[in-house]
Amino acid sequence: MGLMEQKQHFSVNLLDWYMINRRDLPWRRHNNPYFTWVSEIMLQQTRVDTVIPYFNRFIANFPTVQALAEAPEEDVLKNWEGLGYYSRARNLQAAAQQVMELHGGEMPQDKQAVFALKGVGPYTAGAILSIAFNQPQPAVDGNVMRVLSRYFLIDEDIMKGSTRVLMEELAGELIPEGRARDFNQALMELGALVCTPKAPHCLTCPVMEQCSGRIAGRELTLPVKTKAKPPRPEQRLVALVEGRGEHRGQVLVRQRPATGLLARMWELPHVLAAPAAAGKAAGPLADEPAMALLAGSLWAEGFAARPEGLATHAEHVFSHIVWNLQVYKCTEQDQGSDELPLIAAEARAAYDAAAQAAAKEMAASMLEASPSASDLDGEILAEAAVISPDSALTQTGKGDGLIYRWIGPKDMDKLAFPNVFLKLLSSYFAGAYDEVKE
DNA sequence: AAGTCGGGGCG
DNA sequence: CGCCCAGACTT
């Protein structure tokens, strides 16, 4: 069997299979380029079942490019809450504004113009051009690379950029004349439903007969993929500050900076328990120093609060970091309380000492790793580690710092929180931590 | 080329 | 509950 025949077999049988087995998805019901675009951004790193309710709500609230372009960013973020990778939402809105200004609100059909939109890379550009406009452009995502690597037995590491380029060339050749829209979706549909990562359903696969990977018994070892390095652990102390007086029934929250991790999302105040030594898990911090540190960091931000006790633990996993959270219930105090500044000063001193120790350890381990490095390098490393600790403590507060607010349960439907804080706040407002004692 | 950026599902 | 999934942007 030649390569030409193998390709022909693939394209014909896959397309036939798709026309019978295609799922009825909200963004497939109308041929609306805006719907295609929104769905493709949402589907990046996110499964179909998760996206469906978000897509429906998003389109209901922002039915057109113009509606999205003109919406308050806060509303867009709130509609993305819980979906993750929040820069997708900000890029999508920025791109909607691009479409308004450069293309009169109409989705461009030119490859360069689509690719130039914020948040649109090689995959998404191909998906939009093929699905919305039936242009014969490849749309190579993880599903497609898995399917192609198995069917054509391609051993290249799919994490390499060069492999994606190779896959795009191949995927482009496979598109049947005039059928880009259906074929590209068929490819991804097969990867999602049949040619799955762990336990592919080869026996029901429409192209199994000429699948080189299966024939070679390699379906479980393909695609070849370098595994990601494990996330670094961070121990963090979270303050659940219960308001008193005029803030009774409210909790203190803050908005994260405009860039970086969880940009512009709201959260409970928290602080790094200790600057982690290189490659070392810090582990939980004892309650007493933890509460002192938390009080100190809140004081530095302009808030007087007394930690009462540990309310709960929580975990939040990112691709590159894992937050281990110790959540302390705290109560708001009078600003005039003369005891708190003292706690703050002690906490700050303890924190600096811990940072100093960690930095020395890190410098030592790096010197050990590369003996050629001079003592001077060690000094510089130590210095760097001390002056680059968590922002919460280095913020001078008031002015250049984060935005803090007291909120009640009703404010929850305006502000966007990452899931971990959403769950903590929901539990708190439901009375889950009432039993915490001092 | 390597690091940054969330969240959920599966065996 | 350890492991897997992986697109765009930044550096």
Side-chain angles (χ1 to χ4, degrees), chain A residues 37-54 77 79-95 98 114-128 138-149 156-165 167-168 171 184 188 191-193 195-201 220-234 256-267 278-279 313-325 416-424:
Chain A
W37 178 25
V38 171
S39 70
E40 288 300 336
I41 300 297
M42 285 188 173
L43 286 164
Q44 290 168 6
Q45 275 75 39
T46 313
R47 39 192 344 109
V48 165
D49 290 343
T50 304
V51 165
I52 290 173
Y54 280 91
L77 215 49
N79 275 266
W80 212 271
E81 182 185 58
L83 205 48
Y85 286 112
Y86 299 96
S87 66
R88 290 186 296 173
R90 282 181 297 134
N91 285 338
L92 181 59
Q93 189 182 27
Q98 282 181 279
V114 171
F115 193 76
L117 298 174
K118 280 200 192 310
V120 176
Y123 162 71
T124 308
I128 291 171
V140 175
D141 70 350
N143 286 311
V144 173
M145 288 204 277
R146 185 170 59 252
V147 169
L148 295 183
S149 72
E156 301 296 317
D157 184 345
I158 64 167
M159 297 305 279
K160 284 164 53 179
S162 58
T163 305
R164 201 205 71 235
V165 172
M167 295 277 186
E168 282 171 350
N184 280 357
M188 292 185 274
L193 299 180
C195 198
T196 50
K198 287 296 201 49
H201 306 106
L220 295 179
T221 61
L222 291 169
V224 173
K225 188 171 183 268
T226 57
K227 50 177 182 285
K229 50 181 274 194
R232 66 175 187 272
E234 284 185 3
R256 296 181 60 89
T259 58
L261 189 68
L262 300 170
R264 285 205 258 266
M265 298 290 283
W266 291 80
E267 65 180 7
H313 292 275
E315 186 185 68
H316 196 52
V317 179
F318 304 87
S319 310
H320 57 310
I321 309 171
V322 49
W323 281 353
N324 295 303
L325 304 178
F417 292 88
N419 265 356
V420 65
F421 296 114
L422 206 54
K423 287 172 184 168
L424 287 169

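Proteins get letters first, then strands, A, B, ... in listed order; numbering begins at 1 in each.
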Distance in angstrom units between A:L77 CG and B:dC5 P, rounded: 15 Å
Between C1' of B:dG6 and CH2 of A:W323, the distance in whole Å: 11 Å
How many angstroms lie between atom CG of A:L77 and atom CZ of A:R264, to the nearest 0.5 angstrom? 8.0 Å
To the nearest angstrom, the CZ-C1' distance between A:F318 and B:dG3 comes to 15 Å
Length of the NE2-C1' vector between A:H316 and B:dG7, whole Å: 8 Å
Check A:Q98 against A:K118 and note the closest heavy-atom contact, atom names and distance. OE1-N, 2.9 Å
Can you tell me how far C1' of B:dT4 sits from OH of A:Y86, to the nearest Å? 16 Å
What interatomic distance, in whole Å, is found between P of B:dG6 and the corresponding atom of C:dT11? 15 Å
Applying side-chain contact (heavy atoms from CB on, under 4.5 Å) to A:V224 and A:I158, what does each step give before you reach the verdict? CA-CA 6 Å; A:V224 173; A:I158 64 167; over 6 Å; no
Taken to the nearest whole Å, NZ/A:K229 to P/B:dA1 is 17 Å
By nearest-heavy-atom nucleotide on DNA chain B, the more 5' of A:L261 and A:S162 is A:S162
Passing candidate, side chain to side chain donor-acceptor pair (under 3.5 Å) with A:Y123, options A:E168, A:E40, A:Q44: A:E40
All side chain to side chain contact (heavy atoms under 4.5 Å, CB included) counterparts of A:T259, not counting sequence neighbours: none
What string of B, S and - do you get for nucleotides 4-11 of chain C, 5' to 3', if B is base contact, S is sugar-phosphate-only contact and - is no contact with any protein heavy atom under 4.0 Å? SSBBSS--
Under 4.0 Å between a side-chain N or O of A:H320 and OP1 or OP2 of B:dT4? no
If you measure from the C1' atom in B:dT4 to the same atom in C:dA6, how many Å do you get, rounded? 13 Å
A:W80 and A:Y85: aromatic ring centres closer than 6.0 Å? no
Using a distance-only test with no angle check, is there a side-chain donor-acceptor pair under 3.5 angstrom linking A:N91 and A:R88? no
If you look at every strand shown and take non-hydrogen atoms under 4.0 Å, does A:L262 touch a base, only sugar-phosphate, or nothing? sugar-phosphate
Taking atom P in both B:dG9 and C:dA8, compute the distance separating them and give it to the nearest angstrom. 23 Å
A:L83 CG to B:dG6 P: how many Å, rounded? 11 Å
Between A:N419 (CG) and B:dG7 (P), how many Å, whole number? 5 Å
Integer angstrom distance from the C1' of C:dC5 to that of B:dC5: 15 Å
